[in-house]
Novice: 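My structure is below; once you've seen it, I'll send some questions.
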Amino acid sequence: MFYRESGDFKKTYQEDGQTFPIRFDRWRYWVILAIAFLVFPFFMNDYFANAVMIPFLVWAIAALGLNILTGYCGQLSLGTGGFMAVGAYATYKIMTAFPGMDMFSVIILSGFVTAGVGVLFGLPSLRIKGFYLAVATLAAQFFLIWLFNKVPWFYNNSASGQINAPERDIFGIVITGPHATPLATYLFCLIVAVALAWVARNLTRGRLGRSWMAIRDMDIAAEIIGVNPLKAKLSAFAVSSFFVGVAGSLLFSVYLGAAEVTDTFGINVSFMVLFMIIIGGLGSIFGSFVGAAFMVLMPVLLKNILVGGLGWPTDLAAHLEYIIVGGLIIIFLIVEPHGLAQMARVLKEKLRLWPFPH
Amino acid sequence: MAANEITQPYPGPGLDTLPKILLHNVRMYPNRDAMREKEFGIWQSWTWTEVADEIERFALGLQARGLKAGDKVLIIGANRPRMYWTIVAAQAVGAIPVPTYKDSVAEEMQYVIEHSEARFVIAEDQEQVDKVLEVKDRCPAVEQIIFDDPRGMKGYDDSFVVDFEAVQAEGADIRAKQPDLFKQMTEQSKGDDISIILYTSGTTGKPKGVVLTFDNVIITSNQVALLDKLTENDEILCYLPIAWVGDHFFVVQAFCAGFCINCPESEETVAADMREIGPTYYFAPPRVFEGLLTNVQIRMEDAAPFKRRMYAYFMDVAKKVGIRKLENQSVGFMDSVKYALGNFLVYGPLKDALGLGRIKLAYTAGEAIGGEIFDFYRSLGINIKQLYGQTESSVFITVQPDGEVYPETVGKPSPGVEVKINDDGEVMYRSPGTFHSYYKNDKATEETKTPDGWVYTGDAGFFMSNGHLRIIDRAKDVGKFNFGKMFAPKHIENKLKFFPHIQEAVTFGDGRDACMAFINIDLGAVGNWAERNNVAYASYQELAAHPEVYNMVKESVEQVNESLLGDELLSHSQISRFLILHKELDADDGELTRTKKVRRKIINERYKPLIEALYNGDDQCFIETEVAFEDGRVAKISGDIKLVDVKTFATDANVAA
Amino acid sequence: MSTQNNGQNDKKVMLDLKNISLSFGGVKAITDISFNIYEGEVRAIIGPNGAGKSSMLNVINGFYHPQEGEIWFNGEQRKGMKPYEIAYQGIARTFQNIALFKGMSVLDNLMTGRFTHMNKNLFYQAMWKGPAEQEEIANREFVEHIIDFLEIQSIRKTPVGRLPYGLQKRVELGRALAAQPKLLLLDEPMAGMNVEEKEDMCRFILDVNDTFGTTIALIEHDMGVVMDISDRVVVLDYGRKIGDGEPNEVRNDQTVIDAYLGVSH
Amino acid sequence: MSADFLYTLEVILNGLMAGVMYSLVALGFVLIFKASGIFNYAQGVMALFAAMTLVGLQSGQIPFAHLINAIFGTDLHHFGWQMPALLAIILTVGVMVLFAIIVEKYILHHLVNQEPIILFMATIGLAYFMEGFGDIMWGSEIKTMDVGIPSGGSFWLEEVTMTWAAEGERYWGMYIDKLDVVATLVALVLVISLTLFSQYTKTGRALRAVADDHQAALSVGISLRTIWVIVWSIAGFVALVAGIMWGSKSGVQFSLSLIALKALPVLMLGGFTSIPGAIIGGLIIGVGEKLFEFAIGSVYLGGATENWFAYVLALVFLVFRPQGLFGEKIIERV
């Protein structure tokens, strides 16, 4: 209905291969970015930043990471929580060891540390496939959590076993600690999320991304074509863990400010991120964002309605949330196994064909 | 009718040939796209400078290979830039390009090659080269075949079959030595030199080669380009056969106005390519518009009820105010709002989906177009106009001026054209576009063109009170009923063909007491209907014989009869009986021309028993016919065909059948 | 049909299989088979079901490692290579049961076929603009020529899962061609096709051989097709070689007739 | 006998008992996986739900009391009766069958022919749903389960074993929970009866046919839907047994559902498709993790290694034998 595609023709492969080949999509993309960067900052307050936008962005990064591994490369992982913990603890160690380092460097370094750990736990993927691999990644989850719990070096021997983010800045703007403003933390997360989404898009559109998808769709044929399965899988583990590590780093340092490993990065986190990409859409960058938005916003909304609106006890609302999340997962898998992203694609195709049905 | 003034015959002073205009455009628009072709997934583009360079190298190469002024160059292929370049390159050498239809079979091609005495053949690909080689022995004049697509051409005789690029490379060598040679060559020819020979498919007999001069095509094209205010910013899609005058006319207009010619990727992708390019200027014969509309209707029938209602509602709005809006007449405020809403919800997306989203001007010609079809497009805000023309007139004879567009007329004489009706009711014209002659056929030339330059069109028509010409039918097709009234078959057939489920119709009545009809159903539309109504069928024949289909067609025929009632000239031509043919009329079987016009003579002969049965009042008739498949195999189709009576509507003048 | 017919002695051996034996847990699939493939020829491997044809292809492209025998490719003996290493040597193949990447478009499938011809590192790919994009475009251009060659323009961006069988087969051939292989292995390229599709596929195979000079080894059941398009035929039965030669020789070989041609299919 | 040896023996015995519990849960997984190719992550939650239902029925809790109270402002909690354990168990079995029917009808039926990963995720969704549903239905507080199974250490055994220790060593006797012994016996009975069921009954043979080939099973005239309901019912029953055992041991609470996570490495070790594999895998893991914790974990690593040892063991094992202990060999077809 909104699409007017006549005259939007491509004369070069650059134009043809761009992320949004349709004019209207391009336009919409820029509008969303403009709103995020230019409009939202004016409305940023503590609630909006900390209950909505920052968790959304942080979880979106984590979802992007898992989507690269699971959605694009087909390797199911249940160790996301553990890898996020690696990112968080790496951040903590780096922040405390190098107090002068700016936050960008900190989170990127944390990402690389996580990527290394991810590769380590990805090694069995060459031999182990499918569910076996999924269960194997649980080993990473439990082992890492146990490690961060039991080895005091990781939490600098703090009495509580917690880690707390000290105040750090970038270009003089405070990003972490109690003095960080919602605006600064929001923009910081936004920039990181947008940059990583851009990187994810670049990686998935080219040679590497195709090798991942080839492994996912038909590993034997991929090998025949020259794809080294080990390289493809490990690179997916590395890139995915990098993203997840950055998300863990942000979650701890910017969003929460403090973390306790079993509460913050438990197995439920792994499942939650998995849900995000199922609901959002496997193998879709857009889907990672939508899925994250859904999983972050739905509890907020439920809480507002049930607790705030109807005055129910919080534990009841929490149980109801479980029912709804579980039910939605099932409904999604039945109605549209490819998630919201696929629904958006279908809707877009319908709008492009409008008023025709096919 | 007096001729309107010709103010500016050429796009610029002295620009009286295409090669000259080409070089002019290089100066005017060096970096604007002159041509595009969808190939390898993107629109490969050539600016005017690049096009001139390609043409220059090819022309020099052709000359080096022995092409001389006055030689014929046969061009056979699809709408590809190189085919168009060949036209201009040949003209630059002083030779005469002869484009032919690429789907013609070897024998048809042999005739053209033989008749035109072409020395050079430029063929698109292996398929076309093979066709030429097949008839080579019977065409001794052919010296070289130059091919565009090198695929599969490895094993061919290099001395006889040459790569387009190889010729261009030779041309490039020559240019290196004589940089000004091409320019000098282009100076050699003048406006009254022969520019092209176009073979008309002709509904009867062998094709005739229509010889056109540069003046013919350039003056005509330029007049219309000025009239329609075409500029270098326009875009067209060339998808009609290059051998057809309409397509050539486009190319010349593109040269005159400096706009861009777009070539589709392949025949199957025309619709998609059209949507991508979104031409601003468009030409299509009525059957294309009809096909599009049928397609729209079929697709809308599959839509959800809500969408169907919305579509119907806004199409009503469009019917009411669309045309008035197009013609800048005043429209009520509420209607304006509704139309704007409709434009957002329906017309805009619809036009966009059809690739008509950017159309400023569309023409249709070649046959009469159904008024409903015509109004449909106009009500959507597409400025579609009818023109009347033929190869012999370099297309334009009459055209509908803006604001004076009536579905049933073909408009007023275009600039520089005089039109008159002779005593037999046949339309005649005299214009700058009047053809030079029929190639090697003086007899036909004399029969068609009077010494003082008037040309018989072969169409019967008359001027209406508003000065518009109305064409009734082919003069020779127009017949008389036994009771003395006029019978104009095509007029009735066009009315029938408006119905989406009717693909083709043939009516009979000349020398008879009543009008009868053959119907071809539209497999797409009726098939769709069958699917939705769970009607199983295995073949066209089976579907065509289905009683429900008969009922559907019968209703349509009755509607046509009712509409004929209002036209006093034709009210007695109401169809009294019809049948649905067991096979589709097909060009491969000789029943249609390559441009899908009905060959009445062949149909009269082949289906004689059916015609007789219609007039005898039989209920059923057995028929057996041969069909030719694409690969040349021949099979027989036979079956009993049902004949049906239809209600006719009485008028005072009507003789009850 | 390749018309050039210089004496066989001039021909360069591209692939030489010497005394190959392969068994699975004691079951012999291939027993002591030797044959070679000349550069530029179309070589057919035929035989009844279970004759070891597919196993032979799997040996050639490194899926199976024969227990005995030597494999020489372009004058080098192969030792314990992985299939993806063999891909880099210039051997590509199609599968009997189509093995396309179902989640990707036709274009992406073909682009994946260019894998061995692309090498920009992860950093460049993450940045995209610059070397990675240029590499992508250069390879896209190549792939577009394959698309044009196989006449699949109109389905370029269609997900392969939605295509009919015959087209999928064509796309799979395209993916193999995109790798610009020196040796192309086709595992029953015409299985399950109708006459028209078979004709098309024959034309494509011959055109590939003709236009790109690709050496082709194919398994096919349709004897008419095999005899038409191949330069030489090797016949297997129960994992052993029972015939080898030009189509005419093979056709008239009594052993072959008994084992294979005599059996009605 | 030295005390160290006796300690080790005690650890091994305890490990075996724990392993039996793991096997019990793993058994549920294997049954469903074999028959439907579904990796049922909800098995643990099914055990929790079964246990909650049992306790709820037994103690006469009013289902959804919490929710009703929240909506209508009432103050309901109990019907006020106590149900005999056996009746409650039978009713709970009924609930689990009903559950199986609902799962088949509303979930599995719509997911036929989907990829295994999709089905797996659906069961995760189901697990979440059941967890919330169970809590809303029966309340989330910790409940005690008492169906009359003896528990606590066996004094008799302690006294007997105390005398085994060598002279001069301090050894207080072997501690073995009676509940564990009962659990072991029950598990044995369950395994034997399941094996008999699948070998000697028509339905059992049908189940095996389905596991081998869905098409073949259909052609024999067995409705896939029926089979799925049966399998899920059996899995529900196994879950109930596991729930009773675990619930009696450590109370009915959320953590009970985490036994599913314990069963996963068992499956990796034993193979997803093998009943003996599930049992032996369970025993290996049970003994392994107890021994590791006893000998290394608590001494050098700060303890609590049970959380991950099983996984790492399974992981290392799998790298060398990807199909598990008893799993069918994976042959890559080209």
Side-chain angles (χ1 to χ4, degrees), chain B residues 36-45 77-82 102-103 124-131 133 147-158 161 163-166 237 239 262-277 355 628-633 635, chain C residues 1-6 40 42 105-111 114 133 136-158 163-164 167 170-171 174 177-178 194-214 229:
Chain B
R36 288 189 208 109
E37 184 192 20
K38 181 94 186 266
E39 203 185 16
F40 303 128
I42 48 174
W43 289 91
Q44 313 281 353
S45 311
N79 310 80
R80 307 204 56 192
R82 281 179 175 176
K102 81 174 183 102
D103 53 355
E124 187 191 351
D125 53 15
Q126 190 183 11
E127 184 191 346
Q128 305 298 350
V129 171
D130 285 348
K131 262 197 270 181
L133 288 176
F147 59 84
D148 169 4
D149 183 357
R151 174 163 183 198
M153 300 301 301
K154 226 177 184 176
Y156 288 76
D157 176 5
D158 288 348
V161 182
D163 191 341
F164 191 93
E165 279 174 22
L237 185 75
Y239 65 101
N262 296 284
C263 302
E265 185 162 28
S266 67
E267 267 171 68
E268 299 89 67
T269 58
V270 169
D273 294 340
M274 170 119 174
R275 188 174 191 197
E276 282 180 26
I277 283 294
F629 292 108
E630 263 178 40
D631 56 5
R633 282 179 299 134
Chain C
M1 266 133 282
S2 59
T3 43
Q4 68 269 42
N5 226 337
N6 21 350
V42 177
S105 67
V106 170
L107 184 63
D108 277 336
N109 266 277
L110 267 60
M111 285 298 283
R114 295 296 292 163
E133 188 176 32
E136 180 91 358
I137 288 168
N139 285 285
R140 168 85 192 272
E141 253 178 73
F142 183 88
V143 161
E144 285 291 346
H145 280 84
I146 303 279
I147 289 176
D148 188 64
F149 180 85
L150 294 173
E151 294 160 17
I152 47 177
Q153 294 97 330
S154 54
I155 54 164
R156 183 183 286 117
K157 297 199 173 161
T158 316
L163 297 176
L167 272 181
R170 211 189 280 186
V171 173
L177 284 180
N194 62 31
V195 178
E196 204 172 312
E197 288 171 328
K198 275 188 184 174
E199 275 171 11
D200 277 348
M201 190 50 96
C202 277
R203 188 162 55 84
F204 286 130
I205 292 172
L206 290 172
D207 278 357
V208 167
N209 183 244
D210 200 48
T211 316
F212 306 121
T214 311
I229 67 174

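In what follows, chains are A, B, ... by sequence order, proteins preceding strands, each numbered from 1.
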Novice: Got a second to check how far C:Asp207's CG is from B:Arg151's CZ, nearest 0.5 Å?
Specialist: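 Result: 4.5 Å between the selected atoms.
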
Novice: Answer whether the closest heavy-atom distance between the side chains of B:Phe40 and C:His145 falls below 4.5 Å.
Specialist: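 Yes; the side chains approach each other to less than 4.5 Å.
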
Novice: Please identify each residue that fulfils salt bridge (Lys or Arg N to Asp or Glu O under 4.0 Å) with C:Asp200, with sequence neighbours left out.
Specialist: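 Checked C:Asp200 against salt bridge (Lys or Arg N to Asp or Glu O under 4.0 Å); matches are C:Arg170, C:Arg203.
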
Novice: Name all residues meeting the salt bridge (Lys or Arg N to Asp or Glu O under 4.0 Å) criterion together with C:Lys198; count only those two or more places apart in sequence or in a different chain, and write none if there are none.
Specialist: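 Only C:Asp222 meet the salt bridge (Lys or Arg N to Asp or Glu O under 4.0 Å) criterion with C:Lys198.
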
Novice: What part of C:Asp148 gets within 4.5 angstrom of chain B, counting heavy atoms only: side chain, backbone, both, or neither?
Specialist: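 Interface part for C:Asp148: both.
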
Novice: CD/C:Gln153 to CD/B:Glu268 distance, rounded to the nearest 0.5 angstrom?
Specialist: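 Nearest 0.5 Å value for the CD-CD distance: 8.0 Å.
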
Novice: Side chain from CB out, backbone as N, CA, C, O: work out which of these in C:Glu151 comes under 4.5 Å of a heavy atom of chain B, or both, or neither.
Specialist: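 Side chain only.
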
Novice: Answer with side chain, backbone, both or neither: which region of B:Ser266 has an atom nearer than 4.5 Å to a non-hydrogen atom of chain C?
Specialist: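 Interface part for B:Ser266: neither.
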
Novice: For residues B:Glu265 and C:Arg156, determine if any side-chain heavy atom of one lies less than 4.5 Å from a side-chain heavy atom of the other.
Specialist: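 Yes, side chains in contact.
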
